[in-house]
Amino acid sequence: MIRTRFAPSPTGFLHIGGARTALFAWAYARHHAGRFILRIEDTDLVRSTPEAVQAILDGMHWLGLTHDEGPFYQTQRMSRYREVIEEMLLAGSAYPCYMTPAELDHLREEQRAAGLKPRYDGRWRPEPGKTLPTPPAGMRPVIRFRNPTDGVVAWDDLVKGRIEIANEELDDLVIARADGTPTYNFCVVVDDRDMGITHVIRGDDHVNNTPRQINILQALGAQLPLYAHLSMILGDDGQKLSKRHGAVSVMQYDDEGYLPEAVLNYLARLGWSHGDDEIFSMPQFCEWFDLDHITPSAAQFNTEKLNWLNAYYLKRTETARLADLVRPRLQARGVTVAAAPSLAAIIDLYKERAANLNELADLAEVFYIELHPKAELLAKHLTPETLPALEDFIDHLPEVAWEASAIGALIKASVARHGLKMPKLAMPLRVMLTGLEQTPSVDAVVALFPRETVLKRLAVAR
RNA sequence: GUCCCCAUCGUCUAGAGGCCCAGGACACUACCCUUUCACGGUAGGUACCGGGGUUCGAAUCCCCGUGGGGACGCCA
């Protein structure tokens, strides 16, 4: 049974890189009919917040990435971590260290100055025949893992291939702080083992943690999971995403009018491929997804392509669902959605032209507000040349059958009677009715409105 | 600085030695459609980081260089 997990730390919202990691871990479990586990890594009491937990849950929910187990919270597993630390202390694979943070800083500075890799020097590490310093009175030690000193740690990464790191490069990491709370690399190991994780699918930035985690797992006599490290996602400008640079919450895409299926489809294609296929539903994605077609190199986010996908999905989404999504956006703007014209009818006509839900709301809004077309637009299209045809059209409006084809015929007739071309009447009608120069077929737009509203909006011509 | 990773059109990518003087998609350009603008359709331009090997043959394998990224915490 394949078991994957997504293990974010609740120090902020769910951003686009985290969302892709979650998507891949989720899809891998789905593909193999396995289980997908959500685990909140909140051992950093200072930086974790309940708001961030909620933001992550909201993001996962919006994307529809449902978990089969969890969410588990590391803060609720403290007794378990303490238990394992006791075991390790007893077995000699961990030991107390009384070095102060200030001493450590000093050591690291010296090492850096000497061109060395900063690392703990093992002064409190017990060795056969070695005399340890006397522990300072009244000081609580941290607990360090006794990392092997020679040999190499190697694993076959499912994305990057074989990676080997010499144990000489690794130092004895802290697994429990002076206050007794366990640290990340240790909790991950205990949790992944306890939760039976078979495939650790996570960001590239964890590659360097992997050998440490493997060493701890081995000290514990645990079976190793398989690892797949996903490369990072860069911003639109090729720069690294960070809190102050473009790392937007997935919920911001909701705010900006993107459909979750478009975001998902876009993310799926960022770093993974299935031949030349570009468009696929989530069931299709889960069926196709595998770890063999993930690129090991970093990918740059491209908003234009996301926009294209969003427009694609918008065009194919049922009108009723779009109306449900657009209505609250209009209401949030203080626009009252009247019964006529019906929002569904408007969306039906306009959904082909919008790239996102907010644009759709922009286009629909003009049907419900008191309209004041811009003076320069009126001046541009309401010329002395067009006026007679327009008046002709208005005069015949009261008796025309209220449907696009009849209205279209009337426009053609009015235009013909005054020896003009179609746009000479279509353009002023567009501007007077919607305030815009670009609309769908003008007869269809006229037909959307109640007859009285059209007469009212065209009255400005006289 | 040390260690690790990465490298095909502007961008996302196909490519697992001959099918590739490199294919698809977004973006771009032109044309068609047209009641404006979109949509849609058709056509087009643009890429294997550099140098050495290996091989009858390399985008694909190896080495070096260059460039980019990540990690070096009592953060995750």
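Keep in mind the model is a prediction, meaning the values are calculated, not measured. By convention in this document, chain letters (A, B, ...) are assigned in the order of the sequence lines, proteins followed by strands, and residues within each chain are numbered from 1.
Counting heavy atoms of neighbouring residues, nucleotides and ligands inside a 6.0 Å radius, atom CD of A:Gln300 exceeds 12 of them.
Residue A:Thr43 has its side chain nearest to B:rA76 when only B:rC12, B:rA76, B:rU35 are considered. Taking the side chain of A:Arg269 as heavy atoms from C-beta on, and the options B:rA76, B:rG69, B:rG24, the nearest nucleotide is B:rG24. Comparing atom distances between the A:Glu352 side chain and each of B:rG24, B:rC39, B:rC3 picks out B:rC39 as nearest.
Residue-to-nucleotide contacts include no donor-acceptor pair under 3.5 Å from the side chain of A:Arg112 to the base of B:rU2. Counting atom types as modelled, A:Asn209 pairs no side-chain N or O with a base atom of B:rA71 as donor and acceptor under 3.5 Å. Under 3.5 Å, the side chain of A:Asp276 and the base of B:rG23 form at least one donor-acceptor pair of N or O atoms. Taking only distance into account, the side chain of A:Thr295 never meets the base of B:rU13 through a donor-acceptor pair shorter than 3.5 Å.
Across the P atoms, B:rC9 and B:rG40 are found 26 Å apart, a figure rounded to whole Å. Separating the P atom of B:rC64 from that of B:rA25 is a span of 39 Å, rounded to the nearest Å. Across the C1' atoms, B:rU46 and B:rU11 are found 12 Å apart, a figure rounded to whole Å.
Aromatic rings from A:Phe6 and A:Trp26 are positioned such that their centres are separated by 6.0 Å or more. Note: A:Tyr313 and A:Tyr258 fail the aromatic proximity criterion, with ring centroids not under 6.0 Å apart. Residues A:Phe280 and A:Trp272 place their aromatic rings such that the two centres sit under 6.0 Å apart.
At least one side-chain heavy atom of A:Pro211 sits under 4.5 Å from a side-chain heavy atom of A:Trp155.
If you check every strand for non-hydrogen atoms under 4.0 Å, A:Lys315 touches sugar and phosphate atoms only. Using a 4.0 Å heavy-atom cutoff across all strands shown, A:Val442 reaches at least one base atom of the nucleic acid.
Residue A:Thr11 has no polar side-chain atom (N or O) positioned under 4.0 Å from OP1 or OP2 of B:rA76. Contact check, A:Arg108 against B:rC72: no side-chain N or O comes under 4.0 Å of OP1 or OP2.
In this structure, A:Thr439 and A:Gly115 both approach RNA chain B, and ranking their closest nucleotides by distance from the 5' end singles out A:Gly115. With RNA chain B read from its 5' end, the first of the two nearest nucleotides for A:Lys160 and A:Thr181 is the one closest to A:Lys160.
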